[in-house]
Amino acid sequence: MKHCLVVDDSSVIRKVARRILEDLSFEISEAEDGLKALTACRERMPDAILLDWNMPEMDGLEFLLSLRKEEGGNKPVVVFCTTENDVAHITRAMRAGANEYIMKPFDKDIVEAKFQEAGLL
């Protein structure tokens, strides 16, 4: 079973993402900010990361840049999931190492399609 780390400061978003991803046969772990997510990745590198942009402590972009420098940090497929929809944000995310980009609010069809495009399903 593939493992996905859901990183978002909203417990509601983490809960919705968990339900969707469990239905897609993923094992889920959660973190509410980038620092906790980085710690989680050091303990167990996931196959996929569903990542929010705006979070306290360490935002999604800072986390992604740090993750990609970690041993094995190039392995996870990172899907940004955010309300930031301008081209500059998307470009910055992709240059930092994101694999895909999802806009909030999202549903199962969107997550499933992006995970298929990224080769996770």
Compare every heavy atom of [Y] with every heavy atom of [X], then report the nearest pair and how far apart it is.
{"X": "V77", "Y": "A118", "result": "CG1-CB, 3.5 Å"}
{"X": "P56", "Y": "D33", "result": "O-CB, 3.2 Å"}
{"X": "L121", "Y": "L24", "result": "CD2-O, 4.0 Å"}
{"X": "V6", "Y": "A17", "result": "CG1-CB, 3.8 Å"}
{"X": "K75", "Y": "R68", "result": "N-NH1, 4.3 Å"}
{"X": "K69", "Y": "L65", "result": "CG-O, 3.5 Å"}

Using the rule that two of Ile, Leu, Val, Met, Phe, Trp, Tyr join whenever any of their side-chain heavy atoms come within less than 4.5 Å, decide whether [X] and [Y] are in one cluster.
{"X": "M55", "Y": "I90", "result": "yes"}
{"X": "L51", "Y": "L35", "result": "yes"}
{"X": "L5", "Y": "L50", "result": "no"}
{"X": "L64", "Y": "M45", "result": "yes"}
{"X": "I13", "Y": "M103", "result": "no"}

Task: Close side-chain approach of E70 to L38, heavy-atom, < 4.5 Å - done: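 Yes, side chains in contact.
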
Checking the side chain of [X] only, and the main-chain atoms of [Y] only, is there a donor and an acceptor separated by less than 3.5 Å?
{"X": "E62", "Y": "D59", "result": "yes"}
{"X": "K114", "Y": "V79", "result": "no"}
{"X": "D8", "Y": "D52", "result": "no"}

Distance in Å, [X] [atom1] paired with [Y] [atom2], rounded so as to fall on 0.5 Å steps:
{"X": "C81", "Y": "I49", "atom1": "SG", "atom2": "CD1", "answer": "13.5 Å"}
{"X": "M1", "Y": "D47", "atom1": "CE", "atom2": "CG", "answer": "11.5 Å"}
{"X": "M94", "Y": "E100", "atom1": "CE", "atom2": "CD", "answer": "6.0 Å"}
{"X": "I20", "Y": "K15", "atom1": "CD1", "atom2": "NZ", "answer": "13.5 Å"}
{"X": "C4", "Y": "L21", "atom1": "SG", "atom2": "CG", "answer": "5.0 Å"}
{"X": "K104", "Y": "I102", "atom1": "NZ", "atom2": "CD1", "answer": "10.5 Å"}

Open item on the list: Please enumerate all residues that pass side-chain hydrogen bond (donor to acceptor under 3.5 Å, both in side chains) together with N54, with sequence neighbours excluded.
Closed with: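 For N54, the residues satisfying side-chain hydrogen bond (donor to acceptor under 3.5 Å, both in side chains) (neighbours in sequence not counted) are E84.
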
Open item on the list: Under 4.0 Å between a side-chain nitrogen and a carboxylate oxygen: does that hold for R14 and D9?
Closed with: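 No.
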
TODO: Decide, yes or no, whether a salt bridge links R44 with E27 under the criterion of side-chain N to carboxylate O below 4.0 Å.
DONE: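 E27 and R44: salt-bridged.
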
Task: Of all pairs that satisfy ring pair (Phe, Tyr, Trp, His ring centres under 6.0 Å), the ones with a partner from residues 46-102, not counting sequence neighbours - done: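 Residue pairs with at least one partner in residues 46-102: W53-F80, W53-H89.
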
